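Values reported hereafter were calculated over all heavy atoms of this structure, with side chains retained and with hydrogens, waters and symmetry mates removed. Model, not experiment: these values are computed from the prediction. In the text below, chain A, chain B and the rest are named by the order of the sequence lines, each starting its count at 1.
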2 protein chains.
Amino acid sequence: MGVEPQRSPRTTRQQVAILDVLGSAKKFCSAQQIHSTLVRRHQDVALATVYRTLKTLSDSGELDVIFSEGEALYRRCKSIEHHHHLVCRECGVSVEIENPDLETWAAAVASAHGFESVDHTLELYGTCRRCSSGK
Amino acid sequence: MGVEPQRSPRTTRQQVAILDVLGSAKKFCSAQQIHSTLVRRHQDVALATVYRTLKTLSDSGELDVIFSEGEALYRRCKSIEHHHHLVCRECGVSVEIENPDLETWAAAVASAHGFESVDHTLELYGTCRRCSSGK
DNA sequence: CTTGCTGCAAAATCTTTGCACCATA
DNA sequence: TATGGTGCAAAGATTTTGCAGCAAG
C-alpha cells in the first residue's frame with residue numbers, strides 16, 4: 001500500500017487564509033481566483049504560495065481537483081469518499097454526487113480489456129437553476 | 001437546436017498531414033506530440049497551425065478531447081456516438097467504451113438538482129496489459 | 001484572383017522553481 | 001533557534017494571436 005502523503009508540519013497564516021477561502025466556496029476555484037479573493041479580503045498571499053499550497057493539499061487528498069479548459073480547479077469537499085460533481089458551467093457552483101454502480105462497471109470494463117489499477121474521472125456540467133433563469 | 005460548426009472550406013497539405021497522424025494513432029496525443037511526429041515524418045507543419053487545426057476539428061466534433069494534467073489531448077474516434085475511453089496512464093493507448101445507462105443517470109441527477117442542458121465527461125485511466133507486464 | 005490558411009514571432013496564460021528571508025514550533 | 005514556509009522574480013510550458021505572404025478553389 002502506498003503511504004498517504006503527509007500534511008505540512010506547520011500551520012501558517014497563509015494556509016489558514018487559503019483554506020478559509022476554499023471553505024466558504026461552494027464552487028471549484030482556480031489558483032488565480034483564490035489569490036484574487038485573498039487580495040480582496042486584504043489577506044494577501046503570494047500567488048506562488050497559493051499554487052504550492054493547493055498542490056500540497058490536493059496531493060494529500062484534502063482537496064478535489066478537476067481540469068477545465070486547461071486550468072486546474074480546486075474545491076474542498078465534504079465527503080472523503082470517492083464522489084463526483086455536478087458543476088454549473090456559468091457560475092461554477094457545484095454539487096457533490098455519487099454513483100456507486102460506476103465503480104463496479106469501471107472495474108468490469110477495465111478487466112475485460114486487460115487494464116489494471118483503474119481509476120476514473122466523471123463530472124457533470126450543466127446550467128444551474130439560478131443561471132438559467134437569470135437570462 | 002444549435003447549428004453544427006462547419007468544417008474548413010479548404011483542404012490543405014497541413015490538415016491532411018495532421019489528420020493522418022491522428023488516424024494512425026490509437027492514443028490521445030497532445031498538439032506538441034503531433035507536431036513532433038510531423039517533423040519526424042518530414043511533413044513539417046507550424047506548431048501554431050497544429051493548435052489551430054486541432055481546435056477547429058474538435059469544435060466541429062471530428063476529434064475527441066480530454067484534459068490530462070493541464071494539457072489537451074486529442075484523438076480521432078471511430079464512433080460518432082457519445083462514448084468514453086479507457087486510457088493507459090503509461091503509454092496512452094486508449095479503447096473506446098460505452099455506458100448507455102450513464103446518460104439516463106446523468107439526466108436524472110441533473111434535473112433532481114435543477115440543472116439544465118447537462119453534459120458529462122467520463123474517462124477511465126489504468127495500466128494496459130502490455131505496460132503492466134513490461135515492468 | 002480571392003481570401004482562407006500558414007508560418008513566424010511575440011505575447012498571453014497558467015504553473016513551477018531558485019533563493020534569500022521570515023516565522024512557526 | 002532550526003528549518004519549513006513564504007515572497008519575489010525569473011523561467012517553463014502550453015496555447016493564442018497579429019500580420020504578411022502563400023496557395024486552394
Inset, instruction - Kindly indicate, with the supporting measurements, whether the criterion side chain to side chain contact (heavy atoms under 4.5 Å, CB included) is fulfilled by His84(B) and Glu98(B). - result: CA-CA 6 Å; His84(B) 306 284; Glu98(B) 286 183 21; over 6 Å; no
Inset, instruction - Under the salt bridge (Lys or Arg N to Asp or Glu O under 4.0 Å) rule, what do Glu96(A) and Arg75(A) come out as? Steps first, then yes or no, please. - result: CA-CA 11 Å; Glu96(A) 294 177 40; Arg75(A) 186 188 160 175; 3.5 Å; yes
Legend entry - Derivation and outcome, side chain to side chain contact (heavy atoms under 4.5 Å, CB included), residues Gln32(A) and Tyr51(A): CA-CA 9 Å; Gln32(A) 315 259 1; Tyr51(A) 273 108; 3.1 Å; yes
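Going from atom CD of Glu69(A) over to atom C1' of dA12(C) covers 16 Å, rounded to whole Å. Atom CG in Leu47(A) sits about 13 Å away from atom P in dA9(D), given to the nearest Å. Distance Leu38(B) CG to dT6(C) P: 12 Å, rounded to the nearest Å. Between the CD1 atom of Ile18(A) and the P atom of dG5(D) there is a distance of 12 Å, rounded to whole Å. Here dG5(D) presents its P atom at 11 Å from CG of Leu57(A), a figure rounded to the nearest Å. Distance CG (Asp44(B)) to P (dC22(D)): 18 Å, rounded to an integer number of Å. A straight line from CD of Glu71(A) to P of dT16(D) spans 13 Å, rounded to a whole angstrom.
His35(B) and Asp44(B) are not linked by any side-chain donor-acceptor pair at a separation below 3.5 angstrom, with hydrogens and angles left out of the test.
For Arg52(B) against dG7(C), a side-chain N or O and a base N or O form a donor-acceptor pair under 3.5 Å. Judged by distance alone with a 3.5 Å cut-off, no donor-acceptor contact links the side chain of Arg10(B) to the base of dG25(D).
Here the NZ atom belonging to Lys26(B) is positioned 13.0 Å from the SG atom belonging to Cys29(B), to the nearest 0.5 angstrom.
Taking every side-chain heavy atom of Tyr51(B) into account, dT14(D) is the closest of dT14(D), dA9(C), dT16(C). Side-chain proximity of Ala46(B) to the nucleotides dG5(D), dG7(C), dA25(C) is greatest for dG7(C). In this structure, the nucleotide among dT14(D), dT6(D), dT6(C) sitting nearest to the side chain of Gln15(B) is dT6(C).
Map Leu73(B) and Arg13(B) each onto its nearest nucleotide of DNA chain D; the residue landing nearer the 5' end is Leu73(B).
OP1 or OP2 of dT6(C) sits under 4.0 Å from a side-chain N or O of Thr12(B). Contact annotation: Ser30(B) side-chain N/O to dT14(D) OP1/OP2 distance is not under 4.0 Å. A close approach under 4.0 Å does not occur between any side-chain nitrogen or oxygen of Lys55(B) and OP1 or OP2 of dT15(D). The shortest distance between the side-chain N/O atoms of Gln32(A) and the OP1/OP2 oxygens of dT13(C) is not below 4.0 Å. In terms of phosphate contacts, Thr49(A) brings a side-chain nitrogen or oxygen within less than 4.0 Å of OP1 or OP2 of dG7(D).
Applying side-chain contact (heavy atoms from CB on, under 4.5 Å) to Leu38(B) and the options Asp20(B), Leu47(B), Val50(B), Thr49(B) leaves one that passes, Val50(B).
Side-chain heavy-atom separations under 4.5 angstrom define the hydrophobic clusters, and the remaining members of the one that includes Ile97(A) are Leu86(A), Val95(A), Leu102(A), Trp105(A), Val109(A), Phe115(A), Val118(A), Leu122(A), Leu124(A), Leu86(B), Val95(B), Ile97(B), Leu102(B), Trp105(B), Val109(B), Phe115(B), Val118(B), Leu122(B), Leu124(B).
Comparing the axis of the opening five pairs of the helix from dC1(C)-dG25(D) to dA25(C)-dT1(D) with that of the closing five pairs yields an angle of 40°, rounded to 10°.
Between His120(A) and His85(B), a ring centre-to-centre spacing not shorter than 6.0 Å is recorded.
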